[in-house]
Structures are given as C-alpha cells and as structure tokens.
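By convention here, the first residue in the shown sequence is residue 1.
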Amino acid sequence: MSTSNPQQAHPRSIKSFVLRQGHMTPAQQRAIDENWPRFGLDFQNAPLNLNAAFGRAAPKILEIGFGMGTATAEIAQRLPEKDFLAIDVHGPGVGNLCKLIAEQGITNIRVMRHDAVEVVETMLAEGSLAGIHIFFPDPWHKKRHHKRRLIQPPFVAKLLPKLQSGGYLHLATDWEEYAAQMLEVLGSFPELQNTAETYAPTPAYRPETKFEARGKRLGHGVWDLVFTKR
C-alpha cells in the first residue's frame, strides 16, 4: 500500500516528515556505512518479522521521528526488556543514532530511514506493537499549515490496528495548541483510553532533551499524552 492513496478525510497524502537537507558529517556517514548491516532495516513491500529483526521475542515499540536519536538511545537503555523500531528520514539523525548505538553497545534498537506512514501501512502486522512514541513532531505553527500535522484522525486510524490490546500511544509536544489538538484527536477514538484526566506526567523513561530543557528555561511548557488501547 502506498501513501498516495490517503483516506478521504485527509486531502493530501499523509507524510510523517518534511525532507530537509542536512549536512551529514563524515562520522555520521561512516556510522551508517559500518553499522547498517547490524542495526539498519531497509524498506520492504511486505510484512516485517519484528522478532526475527531483533533476534528475540520482546515487546516492540515504534518510534516515529527521533531527531538526532539521543533520547531514543537513552530510552532503549532505560528499558532493556523492550525493542525499539526507530524511524526517521533525516540523514544526520540516522547517522548519529547509528553512531550512538555502536558506541554505547545498544542491542535493542533497529533503525529505518523511510517514511514512517508507509512502513506502518506495509511492514507492520496487526497487533505487533506494544507501544508507539511520537515525540515533538513538527507543530506547523501557521494555521494554514495545520493540515500538514502528523497527529490527525486518518494517521491515528492507521496506527491503532498495529497496537496490541493494552498497548499505549505516547505523544509529546512543546506547542500548547498542538497538544490540545492531539488531546482532541486521540479522545475521538473510542478504543483509546487516556491514562490521565488530560495531560500525563512525563513517564520516567522519557529523558528531557536539550531542546526541551532550553524551552523550559524560556518559560515554554511541554505536554505529554499517554493513551492505552482497550
């Protein structure tokens, strides 16, 4: 299935990213070249056997949009009993995460450089995920660009079948108006249950990013949402 056939409710193809040109350092490129056979997964137009990809049976967590991968590496080390499929399209971030995995000897992350929407549609089996993390997706500040936001009903509708019953969806944003939209979108699905009255306390596994710490110093808020699938 391709992202060129979106649901009618979403007039454009859903994209999990905006392709930005970034300068890949030699170390980042070398990390990809040297480590991709061990930690990287290429897109395939067929379902992926996640247990085979990680070499074990363990709860699988999908992370969409990991930036430079620092938080992803830390979360994976805080939760060694879980496996993390981390997807992003930004070359420097992919290279940096590969570098962190190699340097820190992390064994429970696999990296993909592809549009996450297409991976969800094509490669992930129903009920294959114990959790989904989407931290600080592009807020598209301008009102005319809100339609480009990732967290909208058509995309959440694609994610939910992949979640096991009892699995969770954890979102975080530092843009209050987007947080309110996320709350509304997730609250519109009867199969999802909020773990808090509105916004959740930041779970212990999610580290504070440098970006987040800087925002807090400037007086900006951060909102976490944690919903579980009934």
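Hydrophobic clustering (ILVMFWY, side-chain heavy atoms < 4.5 Å, transitive): Ile101 and Met68 are in distinct clusters. In the hydrophobic clustering of ILVMFWY residues, with side-chain heavy atoms under 4.5 Å counting as a link, Leu100 and Val94 come out apart. Put simply, Leu129 and Leu192 are part of the same group of oily side chains (I, L, V, M, F, W, Y) that touch within less than 4.5 Å, one to the next.
Gln44 places a side-chain N or O within donor-acceptor distance of the main-chain N or O of Pro47, the cut-off being under 3.5 Å. At least one donor-acceptor pair closer than 3.5 Å links the side chain of Lys60 to the backbone N or O of Ala58. The main-chain N or O of Ala204 is found under 3.5 Å from a side-chain atom of Arg78 such that the two form a donor-acceptor pair. One N or O on the side chain of Ser165 and one on the backbone of Arg230 form a donor-acceptor pair closer than 3.5 Å. Arg110 places no side-chain N or O within donor-acceptor distance of the main-chain N or O of Leu85, the cut-off being under 3.5 Å. Judged purely by atom type and a 3.5 angstrom limit, Gln152 uses its side chain to pair as donor or acceptor with the backbone of Lys147. When atom types are taken as modelled, the side chain of Gln77 and the backbone of Ala73 share a donor-acceptor pair closer than 3.5 angstrom. For the pair Asp88 (side chain) and Gly67 (backbone), a donor-acceptor distance under 3.5 Å is present. Judged by distance alone, the side chain of Gln181 and the main-chain N or O of Ile151 form a donor-acceptor pair under 3.5 Å. Checked by atom type and distance alone, the side chain of Lys229 pairs as donor or acceptor with a backbone atom of Leu160 at under 3.5 Å.
To the nearest 0.5 Å, the span separating NE2 on His141 from OH on Tyr178 amounts to 10.5 Å. To the nearest 0.5 Å, the span separating CG on Leu79 from CZ on Arg206 amounts to 13.0 Å. Asn45 CG to Glu121 CD: the interatomic distance, rounded to the nearest 0.5 Å, is 10.5 Å. Taking CD of Glu126 as the start and CG of Leu163 as the end, the distance is 11.5 Å to the nearest 0.5 Å. To the nearest 0.5 Å, the span separating CD1 on Ile61 from CD1 on Ile132 amounts to 9.0 Å. Interatomic distance, CG of Leu186 versus CD of Glu191, reported as 10.5 Å (0.5 Å rounding).
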_Under the criterion side chain to side chain contact (heavy atoms under 4.5 Å, CB included), I'd like the reasoning laid out for Phe43 against Val119: C-alpha separation, chi angles, the key distance, then a yes or no._
CA-CA 7 Å; Phe43 177 78; Val119 174; 4.1 Å; yes

_I'd like to know whether Leu150 forms a side chain to side chain contact (heavy atoms under 4.5 Å, CB included) with Ile134, so could you lay out the CA-CA distance, the side-chain angles of the two residues, the decisive distance to 0.1 Å, and finally the verdict._
CA-CA 10 Å; Leu150 181 62; Ile134 307 175; 4.2 Å; yes

*Which is it for Val120 and Leu62 under the side chain to side chain contact (heavy atoms under 4.5 Å, CB included) test, yes or no, and what are the steps along the way?*
CA-CA 9 Å; Val120 168; Leu62 171 66; 3.9 Å; yes

_As a quick check of understanding, evaluate side chain to side chain contact (heavy atoms under 4.5 Å, CB included) for Phe84 and Asn108, giving each step before the final call._
CA-CA 6 Å; Phe84 294 84; Asn108 59 333; 3.9 Å; yes

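Just one of Asn96, Val111, Ile75 meets the side-chain contact (heavy atoms from CB on, under 4.5 Å) condition when paired with Phe66; it is Val111.
Asn35 and Lys99 form no side-chain donor-acceptor contact under 3.5 Å, judged by distance and modelled atom types alone.
Looking at heavy atoms from C-beta onward, Phe155 lies in side-chain contact with Ile64 at the 4.5 angstrom threshold. Residues His133 and Tyr168 are in side-chain contact: their nearest non-hydrogen atoms beyond the backbone lie under 4.5 Å apart. No side-chain heavy atom of Thr195 sits less than 4.5 Å from a side-chain heavy atom of Phe227. Taking the side chain as every heavy atom from C-beta outward, Asp83 and Asn51 never approach each other to under 4.5 Å. Within the 4.5 Å cutoff, side-chain heavy atoms of Arg149 are placed close to those of Trp175.
For CD of Glu208, the number of neighbouring non-hydrogen atoms (other residues, nucleotides, ligands) closer than 6.0 Å is greater than 12. By the neighbour-count criterion of 12 heavy atoms within 6.0 Å, atom CZ of Arg56 is densely surrounded, having more than that number from other residues, nucleotides or ligands.
For residues 30-54, no pair satisfies salt bridge (charged side-chain N to carboxylate O under 4.0 Å, His left out), with sequence neighbours left out.
Ion pair Lys143/Glu177 not flagged as a salt bridge, since none of the NZ, NE, NH1 or NH2 atoms sits closer than 4.0 Å to an Asp/Glu carboxylate oxygen.
Contact between Gly95 and Ala31 at its shortest, heavy atoms only, is O-CB, 3.5 Å. Considering every non-hydrogen atom in both Leu97 and Gly69, the closest pair reads CD1-O, 3.5 Å. Taking each heavy atom of Ala179 and Leu225 in turn, the nearest pair found is O-CD2, 4.1 Å. His23 and Pro92 get closest at one heavy-atom pair: O-CG, 3.6 Å. When every heavy atom of Gly91 is checked against every heavy atom of Ile32, the shortest pair comes out as O-CD1, 4.2 Å. Shown here for Glu176 and Trp223, the closest heavy-atom pair between the two residues is CB-CH2, 3.3 Å.
If you look at Phe135 and His170, their ring centroids are closer than 6.0 Å.
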